[in-house]
Every structure is written in C-alpha cells, then in structure tokens.
Participant: 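The structure that follows is given in the form of structure tokens.
Bear in mind the structure is a predicted one, so any value in this text is a computation, not a measurement. Order of the sequence lines sets the chain letters (A, B, ...), proteins ahead of strands, with each chain counted from 1. Side-chain atoms are counted along with the backbone in the values below, which use heavy atoms only and exclude waters and symmetry mates.
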Amino acid sequence: MEAALAEVIRTSQVLPGAGAGTPPDALPVAAPLRDLIPGGALARGSVVAVPEFGLLCLALAAGVSAAGAWCGLAGVPELGVLAAAGLGLDTERTLLIPRPGTAWPQVVSSLLDGCEFVLLCPPAVAAAQTRRRLEATLRRARGVLLVAGDWPGAHVILQVTWQEWSGLGDGHGRLRACRAEVMAAGRGAAARPRTRWLWLPAEDGTVAAADALGMADVPEVMRAPKVAGALRTAGTPGVADAPGMADVPEVTVPRVVRAPKVAGVLRIAGRPKSDECV
Amino acid sequence: MSKPQRVMVVSCPELSSMREPDREAARAFARLVAVVTEFCPRVESVRLGVCAFGARGPARYFGGETEVARKIVAAAAAAGFSCRAGVAEGLFAALLAAGCAAGNGGAAQGGSAGPGGGAAGPGGGAAGPGDGAAGPGGAGPSGAGGPGDAGGPNGVGSSGGVGRMGSAGESGAVMVVPPGGTREFLRRQPVGVIGNSDLVSLLTRLGIRTLGDLAALPAADVVTRLGAAGEAAHRLACGAGTQPLATTGPGADLSAEVEFDPPETIAEPVVFAAKRLAERFHAGLAARGVTCVRMGVQVRWEDGREVSRLWRHDGLLTAVQVADRVRWQLDGAAADATDDGGVDRRARGWSRSEAGARSATCQPARWKPEPVITGSGFHRAAVDEVEGAARDHGASEVGVRGGGRKAGGARGGERKAGGVRGGGREAGVRGGGLGGITVLRLVPDQVVRATGHQLALWGDALITDRVARAAMRVQAILGHEAVLRPVLAGGRDVRDRVMQVPFGEKKEPSLPPDRPWPGRIPGPAPAVVYPQPLAARVTDSRGFPVTVTGRCAVSAPPARVTVDGEPPRGVTGWAGPWPLTERWWDHAAASRRARFQLATDDGRAWLAAVCDGSWQIEAGYW
C-alpha cells in the first residue's frame, strides 16, 4: 500500500514537475546542462551527438530518466550503470542492449517505439540512408536519440573539451570530482557555440555547475583555439588540417598553467554547495 | 499374473548424485528428458537425474532394447550428458541395472575385488547403486564361491547377463537384464540397495547379505519380524513390488494450427490468419478453463525449415497481440535469413529437436529460470500456479531448427537464404531458399488453471505495454538475453555492483546492495566499466614496469600508462595500492588484486589493478 502511494506521489510529482521548465515537446535535462542546450531541453525528434561515450552521455540520459522516461542504452557494453545511477538514472526504467550487432538500425527503431530516450553507440559510421530512416522514425516516435559517436547532421553536438580530475595526489588521495568544460554546438538555434564549466561528476556523483575561477589564470587566448578544435572534431572533419590553426603546441601549455593541483582540491572542498544554485 | 513390464531407466549420475539440486540442475534434467522424449513420448521422471519408461514399444521400434539404450545414451552424450541406461522387469530392478551399467569396463576388475558380494552390504543408503556396480560383476565370475544359495541357475543367469554387458560395453554404460533374468539379477544384489539404512543394518547383522537371502525367507516370517518396511523390502527382493510406471502421456492437444495451401509468401495474410487462429486457440483453452503461461508459435516453411518461439502469455494476450507476435517472429526469421553470421547462432538458442514431436518441440533450447514442466507441456491443468510476479512481462525464447532429421541440410539452406528482410508491415517471409509458409501453429506451453488477472488499482505496472512491446521486438531480433535490465547489487568490485537481468525475468542480486562492503572504492563511480579488463602496461619514470609486492609496496611511482596498445599517457596523479582478496575459498571466483587510481595527462582517470603481476584497466573515469 505504502509502495503504491509512493508510486502515485512519485509519478504525480515527477511528470509535471519535470515539465515545469520544459516545453511539452521536449525532454528535460539536468539543471546544470540546461544552459548548453537551446530551449533548455532536448527537443523531441532531435538527434544529439557526443563524439565520445562518457559521463556526459550518462548525465543526459539520467536527466531524462529522472523525469520518468524510459531510456534505452544500446551499443555500450562498458556502460557504467552505477555512475549513471549516481547521476540520477532510474535503473528500473532502463533497457540495456549491450551488443546490437549488425541489426542496430532495426534495434534502435524498435527501441524508439518504447523508449523516449535512446543512447546509441553505433558500431560503425552510419550510412546516410540509414541515418535518414532512423531520423524519420525518431520524429514519428517523438523521442530523442543520443549518439555517442559521429552523426553528421545532429541537431546538438555536446563535447567535453577539457577535463581534469581532482583529489589524486602522488600516491595518496582518491578521485573526488572532475571539472570539465563542455561545449555545445550544432545546427539552427544551437549553431552558436556555448561553453559551460561543470563538475562532471561532482563529489557526490551528480552533475553540478562549476565556476570557471579555476581557469581564471588560464589566458583566454589559450582556451579559444581549443573551442575551435572542438568544433572541428564535432562537425567538419575536413577543416582539421586548415593551415591557420596551428594550435597544436598550445595543448600542452594549459597543463603547465593549471599545475597547482592542491589549490584545486582545496577549492573543491569548499565550493560545490555554492555552485549548485547557479 | 500378467507379465511384468520391461522398464528402461536412464540416469545421469551427475544430476542424481547432486546433494542440493538447484534450478540449473532442474533445467539440465529437463533437457535430458527432452532428449529421451524423442525416443519415447511417455516418460516418467523418477527423481532428478533419473527417468524411466516402458521399454517394450521403443524396443520394437528401434530393434531391440540394447539398441534403444545405446541410442539414448549416445543422444544424451551428444547433448552433453553422460548417462547410463538399464533395462529390467520393474522399475526397481531397472534402476539397479542402470546403476550396474556404470563403467562396464570397471566391472571386470570388480570381479576379483568383490568376491563376497556381501562386501558391499554395509554401504547401504544412498550409495546403493554405486556399490551395486561392483556387486553383479563380482557375483558373475565368482558365483560358485559366493553365498550358499547362488546355485546353478544363478550361474546361467549371470553368464547371460555378462554376455549382454560385454556387447553393450562398446557403447558405454548400458546394461540389459535379459527377459526372465530379473529375479536372478536381483538375487545377486547386496541388501544395501534397498536404501532403508536401519533395515539394511539389521538385515546385515542377521546375516542376510543379498536380496537373494532375503527373498529366500518366507514372506510371513519377514512381516512378523520386520514389519511393513520388511515386507516392502521382501517384495522388492522377490521382484514383485513393481508398480506400473506413471508416465505422462501427450494429453489432449490444445494447439491450433492453420495450413496454407498454396504456401504463403507474404507476411500479412499469415498475420491475419494468426488473428483468427488465436481466437480459436483461446476458445479451446477457455473451454477447459485453463490458460497457458507461455505460448509457442511455430512456423514451418515450404522447405521444411521450422521456426518456433515461445512468448509469455499468462492469458493476457488478445488475438491482436498474438498476431503481433507472429509478425515479429516472421520479421526476426526474415532478418535471420539475411543475416550472415552477424549473431552467434548458439547464443540465440538454436535447438535441434525433431519436428514431429509435438510436445517436446515447444521446449526451447534455452531454459528460463522458472520451473518448467517438461515432457508433455500441454494438458497440465491442476499442476501449476503461476507466480504473480511473472505476469507483467512477455518474454520470448527461440528455437529454430532444420526440418526433421535433415537438420544439417536445412541449415545450409538457411544460411544461403538471402534476400528479403522484414521491412515493416510488408515483411516478406520468403528468404532466398525458404519458399512460402505452409503451417502456422500455436501451442500452449505449461497450461495452468485460468484464475483471471486483477489489474493494479494504482500506479499501473512500471513496464507499460509500449515498453514491453519494444523490448520484445528487440528480443525477437537479437535473442532473449540481448535485452537487459540493470539491477544494482552489492560487492566490492565495480563489475559486481551492477547485475544485468534479461528483460522479462526477475532476479534478486546475489550480493545484497544494502551491506557496507568494506573495501570498495569510494567516490564517484566510473562511467566506463569494461566487462573484460583491458591489458595495460604501467612503467615508472625510468621505463621499468611498476610492480607491487605481496606486502603492497609499490616499486616506484607510476609515470606512464599504456592502455590496450594505445599511445602511452603520462600519469599526473595516482593513489593506491588498495588490496582486495576475495573468495579465496572458491577457485573459480577467487581474486587477489591491488587497485590503483591513475589520473593521466589527457584529463582522464583510470581504475587499474595489478593481478598476478600484470596490470589491467578495469574502469575509466571520463
């Protein structure tokens, strides 16, 4: 009985509550990620791409799942469900298809019939025709497809451009939190790149907004080319070799700049509380 | 008195000697019974690992009891069971014969080892058949020197028995007691085989060491002295206490089928026919007040190929939903015909049973964890109550086989069958070599009483129809175990902490999550957990591999890590080693590792472990 009541309370809270800041034709995302995505939510029928599978994918799935949607996670045998659960994924509403094999387009379109959110790590680069067909299915099913990999024509492309773990010393400590710079680009409203600093994950395993204070000492000049670099990998692979963008050495420079790691640890100890309200 | 029934017993010692049989054993036994059922449809399961049937019919069909026994043992061996078969009059004698059949090669040595025959007496109890193994072999050659009443007839009988055993020896564990020889066979057995340890001990102390001794006593005296237990033992010893086998017959056929003539090459009419067929099927079940837990859908193609699949039913599927499942199955079969080995066939549960056997065919190659009634699946009305827990999902299992016995040839055809794939509504059912569909049949599996179904008042099932349909469609494509639901579990290892359960099954985590589990790594969980750890190489600043001693001393701080052949990464921070020794009492599951967390210069972090002197990457944080 109590369980049933709890279920009622949960569903009645979750569904409208999640929709509070979410348009009806979109799926909610975790609050710290809202600024990155046009409209603050994942539009139904859209494809979101993240170039590489990681915590960012799980954070997106968790945000949707926490709002009561079913998630289908296909093609990632190494998916860390525990981390996803820490981010808020409801494991009760999750389907895992670790190895969709060669029939993955069929699997994904079947999944889209039942799950509003499908994470896919395609085993190979999808042919244009397959992509078009899946996108049509996606629009019809009014779901969201998150591709961990390359998907030309994705509506939103999210990418971790920079990350650093804190908490590890030289033979002591443990991993505590990861500060990451996430950049969003894409088509249409998402065309203008946006960048946010996040704790991905924060010390309690969730995702939280981080301040860029830690990077205040990193000259803006050094970060700008990285954004460009991110755009390249995300969208147009061909531009990568453009002659004007000889920024390769600079990749190593920021490492030197953010050397004082101990300071970072101290900051984390005091910071996350105030960060969460951002 | 009518002639006693000749009984053949097939026993699998691996299963029958199991002290605490688990579900796995039950499933294995169900598989064994399915193998036996292919030779004789009416099989009694005596106990786990032992089944029996009347030998007369099969013996006539296959040309002799020894022939049948050999065939069954061979078929069971092909299915992975090492079995023994014994034939005698009556179940008791046949059980002993099967026990004696163990290792005929060894029986010859047993002749010299056990001249007394009574040496096996004290064994008693559960060890009865095992002791019996040495008994008859020994009694045969040493018949003259044995107990007093082993006279002339015994010598004759045993020589016949030995002859048979010798001939059967080439095919392994088969023992046929010749017709009429059962009493002599029993006479030579030690009393220990009775199994009642108190009685056996008493008899031994009274000097009665073989069943022959016991049978020689007057029945009335035995009852007076030993009571009911003694009388039962006496009857067994005389070969009289044989009750007829309670084999289960095929029962009423509740399946429904439709034939297509000419063969149907388009899926849509088949699906349409399935709708009507389902109505008929439901009406047939309802008329008997039963429903089935699962429903088998069998489709046969022109070339004899047959695809059968089980779908969870629970009496909840409407005719339209049944038709949907037929459609998915056809989709899956068509996709399968075009799939050139992308999916491991074994993993998808290909079975190799015979097309003709009605009840056995609906048993899949892979078994669900619920107890499944084997043999005749159909008419088992009062047998099973379904657990409510099992109601809310549908699950499917696949069994595809080549037509009839020419499975090999048909397989070849399947593999070649290319071409049309199930694309949406106009799913073609015609692969290159398949031809059209000739027969569609719905078979009830595990029939239970129809008790109705009460929907939840609030908060309808977590798994909505929509999700269940999607999941089952994927299962239809990839197989039952390709769609998983995660369950958080306990444990110290990151891999232990998530259990993946096939959709449609319920499983409690074996390691409870609500325990403290000291020794697990605190902090954020890794986003990437490799099912199989990646090989890695960790070196110090001079390029030497970093080692960890038995006392957890690290040889040098790690400076570079090479993960699975990728370019080396510089280590910017590390912590560890955190030793973990688990399950040292169990060789298969034991692990002894020292774990590290490494942060590398690309911003990532890794969970590494040293195990047996080599580095592994267990998980990644990014």
Participant: To the closest 0.5 Å, what do you measure between CD (B:E618) and CD (A:E78)?
Facilitator: 14.5 Å

Participant: Need one label for A:L55: side chain, backbone, both or neither, based on atoms under 4.5 Å from any heavy atom in chain B.
Facilitator: both

Participant: Nearest 0.5 Å, what's the CH2-CZ distance between B:W578 and A:R174?
Facilitator: 8.5 Å

Participant: Taking all atoms of both residues into account, what is the closest heavy-atom pair of A:L175 and B:Q597, and its distance?
Facilitator: N-OE1, 2.9 Å

Participant: Set out, in order, the CA-CA distance, both residues' side-chain angles and the distance that settles side-chain contact (heavy atoms from CB on, under 4.5 Å) for B:L488 and A:T91, then state yes or no.
Facilitator: CA-CA 8 Å; B:L488 297 185; A:T91 51; 4.2 Å; yes

Participant: For the backbone of A:E92 and the side chain of B:R485, can you confirm whether one donor and one acceptor N or O come within less than 3.5 Å of each other?
Facilitator: yes

Participant: Go through the atoms of A:A84 and report whether side chain, backbone, both or neither lie under 4.5 Å from a heavy atom of chain B.
Facilitator: neither

Participant: Could you give the distance from CD (B:Q500) to CG (A:L79), rounded to the nearest 0.5 Å?
Facilitator: 8.5 Å

Participant: Counting heavy-atom pairs closer than 4.5 Å to chain A, which one of B:V487, B:I521, B:V529 comes out on top?
Facilitator: B:V529

Participant: Apply side-chain contact (heavy atoms from CB on, under 4.5 Å) to the pair B:R473 and A:D113, showing each step before the final yes or no.
Facilitator: CA-CA 10 Å; B:R473 287 197 71 153; A:D113 286 342; 4.2 Å; yes

Participant: Name the member of B:G576, B:A605, B:G523 that forms the most heavy-atom pairs with chain A at distances under 4.5 Å.
Facilitator: B:A605

Participant: Does any heavy atom of chain A fall under 4.5 Å from the side chain of B:R495, the backbone, both, or neither of them?
Facilitator: neither

Participant: Given that the side chain runs from C-beta out, which part of A:L87 has a heavy atom under 4.5 Å from chain B: side chain, backbone, both or neither?
Facilitator: neither

Participant: If we define contacts as heavy-atom pairs under 4.5 Å, which of B:P577, B:G620, B:A525 has the most with chain A?
Facilitator: B:A525

Participant: Work out which heavy atom in B:P524 is nearest to a heavy atom in A:W165; give both atom names and the distance.
Facilitator: CG-CZ3, 4.3 Å

Participant: Considering all heavy atoms of both residues, which atom of A:L168 and which atom of B:A575 are nearest to each other, and what is their separation?
Facilitator: CD2-CB, 3.4 Å

Participant: Other residues, nucleotides and ligands only: do more than 12 of their heavy atoms fall within 6.0 Å of CZ on B:R520?
Facilitator: yes

Participant: Shortest non-hydrogen contact from B:A482 to A:P98?
Facilitator: O-CD, 3.6 Å

Participant: Can you tell me if B:E566 has over 12 outside heavy atoms packed within less than 6.0 Å of its CD?
Facilitator: yes

Participant: May I ask you to name which of B:P522, B:A471, B:P557, B:A599 has the most heavy-atom pairs under 4.5 Å with chain A?
Facilitator: B:P522

Participant: Sort B:P486 into side chain, backbone, both or neither according to what part of it lies under 4.5 angstrom from a heavy atom of chain A.
Facilitator: both

Participant: Can you tell which part of B:F596 gets under 4.5 Å to a heavy atom of chain A, answering side chain, backbone, both or neither?
Facilitator: neither

Participant: Say you draw a straight line from CD of B:Q475 to CD1 of A:I97; how long is it, rounded to the nearest 0.5 Å?
Facilitator: 9.0 Å

Participant: Provide the closest heavy-atom pair for A:P77 versus B:P531 in the form atom of the first, atom of the second, distance.
Facilitator: O-CG, 3.5 Å

Participant: Calculate, to the nearest 0.5 Å, the distance between atoms CE and OG belonging to B:M472 and A:S110 respectively.
Facilitator: 12.0 Å

Participant: Are the side chains of B:L484 and A:L95 in contact, using a 4.5 Å heavy-atom criterion?
Facilitator: no

Participant: Minimum heavy-atom separation for B:W622 to A:F53, with atom names?
Facilitator: NE1-O, 3.2 Å

Participant: Are any of the side-chain heavy atoms of B:L478 and A:V107 separated by less than 4.5 Å?
Facilitator: yes

